[in-house]
Protein chains: 2
Amino acid sequence: MTAETRVPLLRVPRGEARARLIEAARNLVRRKGFAATSVDDLCAAAGVTKGAFFHHFASKEALGVALVDDWTEMTGAMFAAHPYNAKDDPLDRVLAYLDLRRALLEQPLPDFTCVAGTTVQETYETSPAIRAAAERSIRSGFDHVLPHLEQALAAHPVPGVTAESLAQQFQVATQGGIILAKAMGDPAPARAAFDHLERYLRLLFDRPENAA
Amino acid sequence: MTAETRVPLLRVPRGEARARLIEAARNLVRRKGFAATSVDDLCAAAGVTKGAFFHHFASKEALGVALVDDWTEMTGAMFAAHPYNAKDDPLDRVLAYLDLRRALLEQPLPDFTCVAGTTVQETYETSPAIRAAAERSIRSGFDHVLPHLEQALAAHPVPGVTAESLAQQFQVATQGGIILAKAMGDPAPARAAFDHLERYLRLLFDRPENAA
DNA sequence: TTGATTACATACCGATTGGTATGTAAGGTT
DNA sequence: AACCTTACATACCAATCGGTATGTAATCAA
């Protein structure tokens, strides 16, 4: 019998395994959740072996943390790069941010779901590390609107309303809208959540729709 | 060797197994999520054997459907029994409902999470049956406020605002608030979500706080 | 050039998974 | 009393789970 010819068989280039695993995790976790996504699933989707997985991550939980942290960085970079920050008026920046969030809802449902929201829903009691990562991610979401809300409130104070608590409502609308969209199989309720949040802001800051 | 004496060993009374399994599922799924809760976990928590489980449920997925449907019925009965429905003014009924929702947040975190929201987050793409059950549950939540919102809007129309879309915001605030509470390990953001929703309604319907 | 380190692949493991096959005792029907 | 059905319990199963042990090829510092 001849010696087996070692077929490299479409190997993932050296150095890319970790990034591929996280990307695979993002896709699979968004569609099946964290617990239902197995390490073997991830390796198959990423095109690497289990050896690669446990070389880069000490455990499945560690991958979960890395996934959420990567998500935080990804979304942070995306929003930072967007021109909604360019507007002069702080409330206009906030409203433009809402436009951007609504535009994201044009994608297929799994692609506008939130990795942090999905994972923390399952793991908040069973994995302190993943919960903490999700908290960082959610808080980083506050920061996309918090400075603008602070400026808007400085120019137009509203009794009983803080910028922090208003910033939270953007995440509430986002996460709540996603759950309703998942349940109804339709992005419409997610869009409506942003619409109502915009109407609320316009009422708070005395900025009716027609007064652009 | 003597014949083994069959010890009945604290058996669950005949006829209770199904209800106990669903109660165990409610507790475990709220804490660990659906996928991470195994059939063995459920049987152990309910104090029954696997034979009992698969006698009552054709599969784990079937239990998931039964769990969510039971949840819908449970919460429906709870809100129907509550005296918030008694107020004369429709908006007062809606505001009293919000008071009730805030009161529920006094419980430990896992006990005010939503079974439908948790399960649909994980299963919306992998189990059509559970997703459909979750949709029924979410929609039944609309109904707790929808008739009152319709009356309130009939008496005080708001251009561009429908009762259906407003009713959805109660679920958005609920589900979004729960996710933030899980991530931060604190019920405060869930409470804030209801506070902002109340302020929004008061603005929409011209009903300031002091005018009780 | 050598030696160490990094980045994987291969092969394997015990435990757990959802599910099944079969037995049995209780309760209702005739 | 005989029989059937319901409601479980017991015992088992193949597949999959997260994780480990070990081997090897590429990279890099000296």
Side-chain angles (χ1 to χ4, degrees), chain A residues 3-25 28-29 31-67 119 122-123 126-130, chain B residues 3-25 28-29 31-67 119 122-123 126-130:
Chain A
E4 293 252 5
T5 44
R6 284 271 160 215
V7 190
L9 195 60
L10 220 58
R11 283 282 244 306
V12 167
R14 190 182 173 88
E16 291 191 8
R18 191 190 138 97
R20 287 220 192 199
L21 280 165
I22 288 186
E23 189 191 341
L28 287 177
V29 169
R31 282 163 179 80
K32 317 201 303 171
F34 181 73
T37 300
S38 73
V39 174
D40 282 333
D41 286 344
L42 293 168
C43 294
V48 303
T49 62
K50 224 187 267 204
F53 185 98
F54 285 100
H55 172 71
H56 288 287
F57 307 104
S59 63
K60 190 192 172 186
E61 184 184 23
L63 164 98
V65 173
L67 165 66
T119 56
E122 297 179 57
T123 61
T126 52
S127 170
I130 296 183
Chain B
E4 293 252 4
T5 44
R6 281 274 158 213
V7 190
L9 194 59
L10 219 59
R11 284 282 244 308
V12 167
R14 191 181 172 91
E16 291 191 9
R18 191 191 139 96
R20 288 221 191 197
L21 280 166
I22 288 186
E23 188 191 342
L28 287 177
V29 168
R31 281 163 180 79
K32 317 200 306 171
F34 180 73
T37 300
S38 73
V39 174
D40 282 334
D41 286 344
L42 293 169
C43 294
V48 302
T49 62
K50 225 187 267 203
F53 184 98
F54 284 101
H55 172 70
H56 289 288
F57 307 104
S59 63
K60 190 191 171 186
E61 183 185 23
L63 165 100
V65 173
L67 165 66
T119 55
E122 298 179 56
T123 61
T126 53
S127 170
I130 296 183

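The chains referred to below are lettered A, B, ... by the order of the sequence lines, with proteins before strands, and numbering in each begins at 1.
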Novice: Glu61(B) CD to dG19(C) C1': how many Å, rounded?
Specialist: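 Taking atom C1' of dG19(C) as the reference, CD of Glu61(B) is at 14 Å.
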Novice: Checking contacts here: which listed nucleotide (dT6(D), dG19(C), dT6(C)) is nearest the side-chain heavy atoms of Arg14(B)?
Specialist: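 Taking heavy atoms from C-beta onward, the closest nucleotide is dT6(D).
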Novice: In Å, rounded to the nearest 0.5 Å, how long is the span from OG1 of Thr119(B) to CD of Glu122(A)?
Specialist: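 If I round to the nearest 0.5 Å, the distance is 11.0 Å.
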Novice: Going from OG1 on Thr123(B) to CD1 on Ile130(B), what distance comes out if it is rounded to the nearest 0.5 angstrom?
Specialist: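 Spacing of OG1 (Thr123(B)) from CD1 (Ile130(B)) equals 4.5 Å.
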Novice: Rounded to the nearest Å, what distance is computed from the CD atom of residue Glu16(B) to the P atom of nucleotide dA26(C)?
Specialist: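 Rounded to the whole Å, the gap is 17 Å.
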Novice: Dump the intermediate steps for side-chain contact (heavy atoms from CB on, under 4.5 Å) on Val39(A) and Phe57(A), then the final yes or no.
Specialist: CA-CA 11 Å; Val39(A) 174; Phe57(A) 307 104; over 6 Å; no
Novice: Atom CZ of Phe54(B) and atom C1' of dT17(C): how far apart are they, to the nearest Å?
Specialist: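 Phe54(B) atom CZ is separated from dT17(C) atom C1' by 10 Å.
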Novice: Looking at His55(A), does any N or O in its side chain come under 4.0 Å of the phosphate oxygens OP1/OP2 on dA7(C)?
Specialist: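 For dA7(C), OP1/OP2 do have a side-chain N/O of His55(A) under 4.0 Å.
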Novice: Between dC8(D), dG19(C), dT17(C), which nucleotide gets closest to the side-chain atoms of Ser59(B)?
Specialist: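 Given the options dC8(D), dG19(C), dT17(C), the side chain of Ser59(B) is closest to dG19(C).
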Novice: Cationic tip of Lys60(A) within the cone over Phe34(A)'s six-membered ring, i.e. under 6.0 Å and within 45° of the normal?
Specialist: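 Relative to the ring axis of Phe34(A), which defines the angle, Lys60(A) lies inside both limits.
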Novice: Take atom NZ of Lys60(B) and atom P of dC17(D), then tell me their distance rounded to the nearest Å.
Specialist: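 From Lys60(B) NZ to dC17(D) P: 12 Å.
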Novice: Within the pair His56(B) and dC8(D), is there a side-chain N or O less than 4.0 Å away from OP1 or OP2?
Specialist: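 Yes.
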Novice: Quick check on DNA chain C: between Val48(A) and Thr37(B), whose nearest nucleotide comes earlier from the 5' end?
Specialist: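 Result: Val48(A).
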Novice: Rounding to an integer number of Å, can you tell me how far Phe53(B) CZ sits from dA7(D) P?
Specialist: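 From Phe53(B) CZ to dA7(D) P: 16 Å.
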Novice: Rounded to the Å, how far apart are Asp41(B) CG and dC17(D) P?
Specialist: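 Rounded to the whole Å, the gap is 17 Å.
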Novice: Expressed as a whole number of angstroms, how long is the span from Lys32(A):NZ to dT16(D):P?
Specialist: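 Going from Lys32(A) (NZ) to dT16(D) (P), I get 12 Å.
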Novice: Let me know the distance between CG of Leu63(A) and P of dG19(D), rounded to the nearest Å.
Specialist: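 About 11 Å, once rounded to whole Å.
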Novice: What nucleic acid atoms does Ser38(A) come within less than 4.0 Å of, heavy atoms only: base, sugar-phosphate, or nothing?
Specialist: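 Result for Ser38(A) = sugar-phosphate.
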Novice: Any idea which of dG19(C), dT17(C), dA7(D) is nearest the Lys50(B) side chain?
Specialist: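 Per side-chain heavy atoms of Lys50(B), the pick is dG19(C).
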